[in-house]
Amino acid sequence: MKYFFFLLLIWTVIPCYGQNTDSLKKVVFSNSPAQSRLIAATRVAIYPVEQNPAQIIVIAKEGLTLAHKLKRNKAITLLSQTLGKSYDQTNQYDSAAYYYNIAAGILIKTNEQYILTDDYRRLAQGYFKLKNYDKAIAFNNIAILYAPQTGERASLTKALNQAGTFYEAQNNYQQALSYFRQAFDIKDSLNLARQTSENTSETYSHQFMGDVMGSIKQSQSEEEILKTIDIKKSLNDTLALSINYFNLGVLYKNKRLYTQSLDALKNSLQFATQINYADMQRSATNEIADLYEQMGDYKQSLIYLKKHASIKTSGSNTIDELQAKYEIKQREDQVLQQQFEITKRNYWMAGICIFILMMLFGGFFYDKQNKLKQRNAAMQAIIAAEESERRRIAQDLHDSVSQIISAAKINLAVIGGELPFVNEGQKIRFEKVINLVDYGFKEVRTISHNMMPWALHKTGLAQVINQFIENIKNDNITINFFSRGFDSPFDDTVEIILYRVLQESVNNVMKHANANRVDISLIRSEESISLTIEDNGRGFDTTNPDLFKGMGLNNLRSRINFLKGKVEFDSQLNKGTLVSIYIPLANKPL
């Protein structure tokens, strides 16, 4: 199958790139059928116009004539656009505009005029270089009109920025500010949406700014903010000074105290710049630009708006980079789409192959999900079987063996009261026998309770763990236990698995760690459960895979994986061991 896809790719690419412009020109001006000559002419759109614009113009013009004769609108559009780009490359802007308008006339009928957005924008740049500002603005307005108003909107923001540049060159700062602000607002909204979808640290920074500054602006007066600023100055708290000066500036701005607002906002920008706090710098420059605009100083407003746009948040791709990548991909897709319209056979073959690939992927995904459900069902059955067998054995020990031992103890006590002992030593030995029977009775009860904690459904997991610790504690080891959120019964499956995992971990410490201290923490919140068991014992090498081949650690991991949780081991030789378990409550067991 993989060789089939490779051959299909070669078959699709060879017709596009197998000929250079010289060979294409021979075919176009040959005696071949008109359809074959037109196909050869449209392939000239693949080649970069800057390499040989003069020859591309000759080929495209002949192809355009053929396209008009054959009434092929798509070919007319493609070749007209190619001629426009070629004339634009040779600085013949009027000719470029003529052919762009031909292509636009056809594309408007199918609502695809956005294809020409960047062409009109570059044409406007050409007239701007010639200082023909009227035509530059006119064609740039066409680019703004044709640009997509949704999606990434890279072409729209570039056209808006270019309009701002044109008006700025004419010293019309108010118009320039209007266009620049539209472009920057689009960039900011796209940037915030991208950060939110990626869940980056920048999103947290924006949320932090909104929460902190929103709460201060709603609750603090001018006097309170000024008092806070004096305190933070004495502590040299630059971050707090930046935030409080920002809020003071906004407060003055709302009261129309523009001079005081400007001073406060510039102080905020100064402190934010000292600590490289990009989000605060962007907020302060945006407010200053808006303030200057309200004061009628459009030139200063434009300066700070450009500063706002130039500040890049560290650790992320800039919107300009994303727009450049999108623009390149859009151009490639445009040429390929038009070529596929001419060579429909390749288009349909590619579509069929993609459909087959999607079916194979869907089948693989379905099979993987089905196996996961089966594995979880098997794991649930194993856990249920284990708990059922533990319950049966514990019930037998509690109801049968412990009762027999209890009866034996009672009978021995009665016999001891009736028998005359020869000497004191004989009596002491008899009492030892009774004590051993009593010890065996207690051991059976302890084992029974450890195998099946009867109080789990009544008192909660925390009480059961306390009882377990009470049963195993001795003079050689200290066990500290902290719990929150498990004082009352919770989900049966989760509590049983947590109890078994803790039981296994503590038993491992008692048997192998040679520790004299164990700290246990069990905390439940609305989102998750965390369990940690830490000892100060001999530790082990976590990179040794042989240590994880035993049934104990494998069972522990399997139980936690069943709950969609994670378990981590942090240990070093002679430095103790930390077992950390995290279980998200949003993911219920299947």
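For this chain, numbers begin at 1 and follow the sequence in order.
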Worksheet item: Taking it one step at a time, do D118 and R121 satisfy salt bridge (charged side-chain N to carboxylate O under 4.0 Å, His left out)?
Response: CA-CA 5 Å; D118 291 328; R121 182 176 57 79; 3.5 Å; yes
For [Y], is there any backbone N or O sitting under 3.5 Å from a side-chain donor or acceptor partner on [X]?
X	Y	answer
S571	G576	yes
E224	S221	yes
S301	D290	no
T117	Y114	yes
N286	R282	no
N247	V250	no

Kindly write out the residues that satisfy side chain to side chain contact (heavy atoms under 4.5 Å, CB included) with [X], not counting sequence neighbours, or none if the list is empty.
X	result
K566	none
N480	T478, R517, D519
E568	none
K575	Q572

Discussion item. Within the structure provided, determine whether L522 and F482 are in side-chain contact (heavy-atom separation under 4.5 Å).
Written reply: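 No - every pair of side-chain heavy atoms lies 4.5 Å or more apart.
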Worksheet item: Do the side chains of L269 and L265 get nearer than 4.5 Å, heavy atoms only?
Response: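 Result no, sub-4.5 Å side-chain heavy-atom pair not found.
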Practice prompt. Using the salt bridge (charged side-chain N to carboxylate O under 4.0 Å, His left out) rule, collect all pairs that involve residues 529-540, keeping only residues at least two apart or in two chains.
Written response: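 Every candidate salt bridge (charged side-chain N to carboxylate O under 4.0 Å, His left out) pair involving residues 529-540 fails, so no pair, neighbours aside, qualifies.
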Practice prompt. Return each pair, listed once, that meets salt bridge (charged side-chain N to carboxylate O under 4.0 Å, His left out) where at least one residue sits in residues 348-365; pairs must be two or more places apart or across chains.
Written response: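 Listed by first then second residue: nothing to list.
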Worksheet item: Judged by modelled atom types alone, do E470 and N466 share a side-chain donor-acceptor pair under 3.5 Å?
Response: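 Result is no, nothing qualifies.
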Fill in: Residue that, paired with N516, satisfies side-chain hydrogen bond (donor to acceptor under 3.5 Å, both in side chains) out of D475, N536, N476
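Output: one option passes, namely N536.
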Worksheet entry | Parallel, tilted or perpendicular: rings of F271 and Y245 (30°, 60°) |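 Geometry flag for F271 against Y245: parallel rings.
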